[in-house]
Amino acid sequence: MTTAENNTAVAPERKKVIFSGIQPTGVMTLGNYLGAIKNWVTLQEEYNCIYSIVNMHAITVRQDPAALRKNTMEAFALLLACGVDPEKCICFIQSHVRTHAELTWVLSCFTQFGELSRMTQFKDKSAKHPDNINVGLFTYPVLMAADILLYQADLVPVGADQKQHLELSRDIAGRFNSLFSNTFKMPDPYIPKLGARIMSLQEPDKKMSKSDENVNAFISILDKPETIVKKFKRAVTDSETEVVFREGKDGINNLMTIYSTITGDSYEKIANDFAGKGYGDFKTAVGEVVAEHLRPVRENFDRYVNDKAYLKECYQKGAERALMISSRTLEKVYKKVGFLPNK
Ligand code: ATP
Ligand code: LTN
């Protein structure tokens with residue numbers, strides 16, 4: 001290109017950056033899949049996506065070391081099995097990239113105790129583990145803010161339960177920017193309209209969680225098709241008979257949301273299709289579409305999880321790229337707060 005052409009050329013628009021993470025605390029549920037991972041796969045086609053298995057977050061709850069190692073490897077394999085493509089995005093394991101811990105310390109000095117005390121996840125998790133209310137559980141959202149801000153992320157695809165943590169990340173970024181001039185990009189949440197909060201199949205007023213003690217409460221994305229159908233047949237609903245989305249029908253609303261997210265059918269169409277059929281038929285139908293949708297994920301997982309050499313190659317490459325990008329932000333931050341350079 002000549003210089004003249006160069007001058008008139010419009011600068012290519014910067015592709016938006018997406019960052020998200022998932023904890024390796026067990027096999028992902030249908031909630032994690034519909035609320036987050038499914039969007040990770042779609043977004044990688046258009047954006048610069050960076051995805052992390054956040055094992056440092058996982059140790060805020062007591063973990064068996066051997067199980068954590070195995071779960072981390074499996075979580076990575078599961079991401080690939082769901083369609084996250086390491087050729088299209090950066091996938092890495094959080095503890096492999098030291099900048100996350102380093103930025104967390106600095107940001108924790110710009111986060112107020114009172115702000116962290118208001119986090120509902122902290123309140124829920126400390127009620128659930130009263131014998132281990134550790135400081136890491138309390139500062140968990142600061143590590144999450146560091147994850148996001150290190151990459152100057154524009155968008156963060158998460159389920160609805162993470163909205164409050166994202167607002168805190170924005171508050172921390174805004175505070176730092178106003179004290180030290182513009183340093184961090186303000187991240188926006190990307191919460192799907194449908195599927196942002198999939199509920200427990202046993203207690204439909206609680207979110208579906210992979211750490212639930214009752215295995216019938218959640219669908220693991222590796223459950224066998226027969227198990228999936230069985231769990232849906234046992235799903236708690238109500239004493240009525242009409243398949244319709246209405247306030248007070250938490251169980252049916254949840255099943256309709258799941259069915260609609262997977263098939264694309266509207267609530268009206270579902271209600272029409274199942275008019276006069278009763279809950280039994282509907283539960284079986286939901287079980288079948290979910291089982292069918294997850295079949296390729298299970299098959300891909302079996303392939304990836306046995307190819308440790310390939311997984312290692314992917315996460316090493318991912319960590320290298322993640323370190324390169326995040327170091328730029330960390331350097332800026334160190335300079336702005338007044339850390340004396342060692343060069
Ligand atoms: P745990 O139960 O171990 O605390 P979790 O199931 O909440 O974990 P995370 O690893 O914390 O899983 O979350 C990964 C992603 O899945 C996050 O974006 C979170 O918002 C989303 N997510 C978790 N549960 C649901 C749910 N029931 N419905 C929709 N999205 C969810
Ligand atoms: N706290 C999140 C996991 C997480 C995350 C992140 C999500 C850790 N770091 C950064 C988005 C961006 C959760 O799902 N419980």
Side-chain angles (χ1 to χ4, degrees), residues 17-40 43 49-63 67-68 71-72 75 78-79 82 92-95 97 100-101 103-104 107 119-122 124-126 128-129 136-137 139-151 153-170 172 187-214 217-221 254 257-258 261 322 326:
V17 177
I18 309 275
F19 184 94
S20 199
I22 184 159
Q23 304 186 75
T25 41
V27 181
M28 285 171 211
T29 66
L30 185 64
N32 299 133
Y33 179 76
L34 297 180
I37 312 300
K38 196 162 166 274
N39 290 321
W40 294 16
L43 291 164
C49 295
I50 307 171
Y51 299 132
S52 183
I53 305 295
V54 292
N55 54 348
M56 287 157 69
H57 278 101
I59 63 164
T60 53
V61 171
R62 199 68 74 224
Q63 303 287 338
L68 180 61
N71 283 337
T72 305
L78 256 181
L79 276 196
C82 288
F92 70 100
I93 292 162
Q94 191 184 30
S95 63
V97 182
H100 291 247
L103 183 62
T104 299
L107 295 185
M119 295 293 118
T120 52
Q121 184 178 296
F122 171 69
D124 292 350
K125 290 212 174 172
S126 24
K128 222 168 137 192
H129 307 276
L137 191 64
T139 58
Y140 175 116
V142 186
L143 175 57
M144 178 161 162
D147 293 342
I148 298 166
L149 301 178
L150 274 171
Y151 300 92
D154 297 276
L155 287 177
V156 183
V158 283
D161 61 314
Q162 295 302 312
K163 191 164 175 259
Q164 196 186 29
H165 287 163
L166 261 161
E167 278 157 9
L168 180 70
S169 300
R170 289 171 60 91
I172 299 172
D188 281 315
Y190 182 99
I191 298 173
K193 279 208 185 75
L194 213 58
R197 196 170 160 80
I198 299 296
M199 310 310 278
S200 152
L201 297 185
Q202 291 299 313
E203 293 167 87
D205 56 337
K206 269 179 41 188
K207 83 159 189 157
M208 182 182 284
S209 163
K210 56 175 131 71
S211 46
D212 201 309
E213 276 146 29
N214 182 353
F218 60 86
I219 301 291
S220 142
I221 63 173
N254 190 39
T257 302
I258 294 171
T261 315
S326 58

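Start at 1 and go down the list; that is how both ligands and their atoms are numbered.
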Visitor: Considering non-hydrogen atoms of the protein only, which is the closest contact for atom 28 (N) of ligand 1, and what is the distance?
Guide: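 Here the closest protein heavy atom is Ile198 N, 2.8 Å.
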Visitor: Using a 4.0 Å heavy-atom threshold (strictly under), name the region of Gln23 that reaches ligand 1: side chain, backbone, both or neither.
Guide: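 For Gln23, the contact with ligand 1 is made by both the backbone and the side chain.
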Visitor: Numbering the atoms of ligand 1 from 1, which are under 4.0 Å from a heavy atom of Gly195?
Guide: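 Selected atoms, number and element: 29 (C).
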Visitor: Between His165 and Phe122, does the ring centre distance come in under 6.0 Å?
Guide: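 Judged by ring-centre distance (under 6.0 Å), His165 and Phe122 do not meet the cut-off.
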Visitor: Among protein heavy atoms, which sits nearest to atom 31 (C) of ligand 1, and what does the distance come to when rounded to 0.1 Å?
Guide: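 The answer is Gly31 O, 3.5 Å.
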Visitor: Between the candidates Asp161, Val158, Leu166, Ile191, which shows the shortest non-hydrogen contact distance to atom 20 (O) of ligand 1?
Guide: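 That would be Asp161.
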Visitor: Suppose I only count heavy atoms of Met208 and a 4.0 Å limit; which atoms of ligand 1 are within that range?
Guide: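 In order of number, 24 (N), 26 (C), 27 (N).
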Visitor: Within a distance under 4.0 Å of any heavy atom of Ile22, pick out the atoms of ligand 1 and give their elements.
Guide: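 In order of numbering, the contacting atoms are 10 (O), 14 (C).
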Visitor: May I ask you to identify the nearest protein heavy atom to atom 4 (O) of ligand 1, giving residue, atom name and distance to one decimal place in Å?
Guide: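 The closest one turns out to be Lys125 NZ, 2.9 Å.
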Visitor: Taking 4.0 angstrom as the limit and counting only heavy atoms of Gly21, give me the atoms of ligand 2 inside it, by number and element.
Guide: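 Within the 4.0 Å cut-off of Gly21, ligand 2 contributes 3 (C), 4 (C), 5 (C), 7 (C), 11 (C), 12 (C).
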Visitor: Enumerate the atoms of ligand 2 whose separation from the nearest heavy atom of Val54 is less than 4.0 angstrom.
Guide: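 Matching atoms, with element in brackets: 8 (C), 9 (N).
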Visitor: Quick test: of every protein heavy atom, which one is nearest to atom 24 (N) of ligand 1, and how far off is it to 0.1 Å?
Guide: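 Its nearest protein heavy-atom neighbour is Lys207 NZ, 3.3 Å.
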Visitor: I'd like the name of whichever of Gln162, Gln121, Gln94, Lys125 reaches closest to atom 13 (C) of ligand 2 through any heavy atom.
Guide: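 Looking at heavy atoms only, Gln162 sits closest to atom 13 (C) of ligand 2.
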Visitor: Rounded to the nearest 0.5 Å, how far apart are CG of Leu168 and NZ of Lys163?
Guide: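 The NZ atom of Lys163 is 13.5 Å from CG of Leu168, to the nearest 0.5 Å.
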Visitor: For Gln164 and Thr120, work out which heavy atoms get closest and say how close.
Guide: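 Smallest interatomic distance, heavy atoms only, reads OE1-N, 2.8 Å.
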Visitor: Any idea which atoms of ligand 1 are less than 4.0 Å away from a heavy-atom of Thr25?
Guide: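 Contacts of ligand 1 toward Thr25, numbered from 1: 3 (O).
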Visitor: What protein heavy atom sits nearest atom 6 (O) of ligand 1, and how far off is it?
Guide: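 Residue, atom and distance for the closest contact: Asn32 ND2, 3.3 Å.
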Visitor: Donor-acceptor check, side chain of Arg197 to backbone of Gly159, threshold 3.5 angstrom: yes or no?
Guide: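 The answer is no, because no donor-acceptor pair under 3.5 Å joins these two groups.
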Visitor: Quick check: does Asp147 get an N/O under 3.5 Å from an N/O on ligand 2?
Guide: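 Yes, at least one N or O pair falls under 3.5 Å.
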Visitor: Classify the contact between Ile148 and ligand 2 as side chain, backbone, both or neither, using a heavy-atom distance cut-off of under 4.0 Å.
Guide: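 The answer is the side chain.
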Visitor: Does a donor on one side chain and an acceptor on the other come within less than 3.5 Å for Asp161 and Gln121?
Guide: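 No - no donor-acceptor pair under 3.5 Å links their side chains.
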Visitor: When you measure from atom 2 (O) of ligand 1 to each heavy atom in Ser209, Gly21, Pro157, which option holds the nearest one?
Guide: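 Residue with the shortest heavy-atom distance to the ligand atom: Ser209.
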Visitor: Relative to the heavy atoms of Gly35, which atoms of ligand 1 are at a distance of less than 4.0 Å?
Guide: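 Numbered from 1, ligand 1 contributes 29 (C), 30 (N).
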Visitor: Is the backbone N or O of Trp40 less than 3.5 Å from a side-chain atom of Tyr51, with the two atoms forming a donor-acceptor pair by type?
Guide: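 Yes: the side chain of Tyr51 pairs with the backbone of Trp40.
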Visitor: Show which atoms of ligand 2 fall inside a sub-4.0 Å distance from at least one heavy-atom site of Val156.
Guide: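 So the atoms of ligand 2 that pass are 11 (C), 12 (C).
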Visitor: Of the non-hydrogen atoms in Met56 and Ala101, which two are nearest, and what is the gap between them?
Guide: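 Minimum heavy-atom separation between Met56 and Ala101: CE-CB, 3.9 Å.
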Visitor: For atom 8 (O) of ligand 1, find the nearest protein heavy atom and state the residue, atom name and distance (0.1 Å precision).
Guide: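 The closest one turns out to be Lys210 NZ, 3.3 Å.
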Visitor: Can a side-chain donor-acceptor contact be found between Thr29 and Asn32 if the only test is distance below 3.5 angstrom?
Guide: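 Their side chains do contain a donor-acceptor pair, which is all the 3.5 Å distance test asks for.
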Visitor: Under 4.0 Å from a heavy atom of Val158: give me the atoms of ligand 2 that qualify, with their elements.
Guide: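 Within the 4.0 Å cut-off of Val158, ligand 2 contributes 7 (C), 11 (C).
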Visitor: For atom 15 (N) of ligand 2, tell me which residue out of Tyr151, Tyr190, Tyr140 has the closest non-hydrogen atom.
Guide: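 Heavy atom nearest to atom 15 (N) of ligand 2 belongs to Tyr140.
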Visitor: Which atoms of ligand 1 are found less than 4.0 Å from any heavy atom of Gln162?
Guide: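 Here the atoms of ligand 1 in question are 20 (O).
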Visitor: Run the numbers for me: atoms of ligand 1, each under 4.0 Å from some heavy atom of Ala36, listed by number.
Guide: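 In order of number, 15 (C), 16 (O), 18 (O).
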Visitor: Please check: side-chain N/O of His100 versus main-chain N/O of Leu143, any donor-acceptor pairing under 3.5 Å?
Guide: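 No, the answer is negative, given that no donor and acceptor are paired below the 3.5 Å cut-off.
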Visitor: Looking only at protein heavy atoms, identify the closest one to atom 1 (P) of ligand 1 and say how far it is in Å.
Guide: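 Closest protein heavy atom to atom 1 (P) of ligand 1: Ser211 OG, 3.5 Å.
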Visitor: Looking at Leu150, is its backbone amide N or carbonyl O close enough to the side chain of Ser326 to form a donor-acceptor pair, meaning the two atoms are under 3.5 Å apart?
Guide: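 No; judged by distance alone, with no hydrogens or angles, the pair does not exist.
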